[in-house]
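These notes concern the structure reproduced below.
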There are 2 protein chains.
Amino acid sequence: MTNTTVSSDLLRGHTDTIILKLLLGGDHYGYEISKKVYETSGHMYELNEATMYSSLKRLENDGRITAYWGSETQGVRRKYYRLTDAGRELYAANKNAWDVARTVLEKLL
Amino acid sequence: MTNTTVSSDLLRGHTDTIILKLLLGGDHYGYEISKKVYETSGHMYELNEATMYSSLKRLENDGRITAYWGSETQGVRRKYYRLTDAGRELYAANKNAWDVARTVLEKLL
DNA sequence: TCATAATACCTTGACAGACATAGTATTGTG
DNA sequence: CACAATACTATGTCTGTCAAGGTATTATGA
C-alpha cells in the first residue's frame, strides 16, 4: 500500500479521463501530471507511475494525445503531451459516461 | 456489448458492494440478484452472470456471505445467500470508500 | 566532495476483476 | 413438443493496474 487514501480499484478505468481532463488545461509532461493529480485530488489520490505511463502510451497509440520533447537546454529532458481533437471527444464521452455511472451507483450502493 | 447502458468498466470493483447492499434487505438467490440490480438501476445496468457468480463465490470464500439451498419442492433449485456480520462490515467500509472515491473523482474529472 | 533526494522517463511480469462462451437441468408456454 | 425462461456452474481470455526494476540529470546539505 502506497500513500494513497482512495482505493485505486474504485478509480480503475478513470485514469485516461483524469489525464485528458488535465491536458484540457494545457500541455503537461508526465511527472508533472502525477504531481497535479495528487494536488488536485486534495492529496487523496496518487497516480501510480507505471499506471500513468501505460495510460499515456495507450492514449498516444489511439491518437487522443500527441507527445513531443521539451526544449530544455539544461535539466532533465521532459516529454510533453498535447490533447488532440479526438482526445477532446474522448474526454467528453468519458465524462458523460461517468455521470451516468455515478447516477447508477447512487441507486445501487 | 450486451444490453448495458452504463459502462461496466466504470462499475468495476463495485460488484461485491452492490450485492452486499442487496443482501442487506434480506436473503436472495443468484438469479434474483441480477434481476433486482437491473430493476434498481432503472434498467441502466445489467450485471453479467459470470461476474455475479464469481463475486458471490469470492464473498462466500471470504466469509462475507453464506449460501444455502432453498427448500423448493418443485421448480428449479435455488441457492440463497445470506449476509454475515463480516459482510455487513465490508459493506459499510466499501460504502465509505465509494463516498471518498466519488469526492475525489468529482475533483479530477 | 560526495552521498542522497528529487526530478524525469521507461520496461517487464504478474495479478485480479470482468467477460464471453459453454454447459447442465427444470419448468412454463404456445 | 419445441422453445423460452429460469437457475446455477466452469473455463479461458482480456485489460488496467501495480510492484519492481532500470537509466539519467540536477539540487542539497553534511
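Labels below follow one simple rule: chain letters A, B, ... track the order of the sequence lines, proteins then strands, and each chain is numbered from 1. Computed from a predicted model, the values in this text were never measured in an experiment. These numbers come from the heavy atoms of this one structure, side chains and all, not from hydrogens, waters or symmetry mates.
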Nearest whole angstrom, please: distance from the P of D/dA27 to the OH of A/Tyr31. 15 Å

Expressed as a whole number of angstroms, how long is the span from B/Lys79:NZ to D/dT6:P? 20 Å

Counting the atoms with a prime plus P, OP1 and OP2 as sugar-phosphate, which does A/Glu49 contact under 4.0 Å by heavy atoms, base, sugar-phosphate, or nothing? base

Rounded to whole angstroms, how far apart are CG on B/Asp9 and P on D/dT17? 9 Å

Do the charged groups of B/Asp9 and B/Arg12 touch, with an N to O distance under 4.0 Å? no

Taking any heavy-atom pair under 4.0 Å as a contact, classify A/Arg78: base, sugar-phosphate, or nothing. sugar-phosphate

Check every strand shown and say whether A/Thr15 touches a base, only sugar-phosphate, or nothing at a heavy-atom separation below 4.0 Å. sugar-phosphate

Side-chain N or O of B/Ser8 closer than 4.0 Å to phosphate OP1/OP2 of C/dA18: no

With the side chain defined as heavy atoms from C-beta on, A/Ala50 is closest, among C/dC10, C/dT11, C/dG17, to C/dT11

Protein-nucleotide distance (B/Tyr29, atom OH; D/dT9, atom C1'), rounded to Å: 17 Å

Any side-chain heavy-atom pair of B/Leu108 and A/His14 under 4.5 Å: no

Using the side-chain heavy atoms of B/Lys35, tell me which of these nucleotides is nearest: D/dC18, D/dT6, C/dC10. D/dT6

Rounded to whole Å, how long is the line connecting atom CD1 of B/Ile33 with atom C1' of D/dA7? 12 Å

I want to check a possible cation-pi pair here: B/Lys35 against B/Tyr31, using under 6.0 Å from ring centre and within 45° of the ring axis as the test. yes

Could you tell me the separation between the CG atom of B/Asp16 and the C1' atom of C/dA16, rounded to a whole number of Å? 11 Å

Can you tell me the distance, in whole Å, between the CG atom of B/Leu11 and the C1' atom of D/dT15? 17 Å

Would you call A/Glu106 and B/Arg102 a salt bridge, taking side-chain N to carboxylate O under 4.0 Å as the test? yes

Indicate yes or no: does B/Asp16 engage B/Arg58 in a salt bridge with an N to O separation below 4.0 Å. yes

Of the listed nucleotides (D/dT9, D/dT17, C/dA8), which one gets closest to any side-chain atom of A/Tyr53? C/dA8

Testing D/dG16, C/dA8, C/dA16 for proximity to the side chain of A/Val76, the answer is C/dA8

Rounded to whole angstrom units, what separation is found between the CE atom of B/Met52 and the P atom of D/dC8? 7 Å

Please confirm whether the shortest side-chain N or O distance from A/Thr51 to OP1 or OP2 of D/dC18 is below 4.0 Å. yes

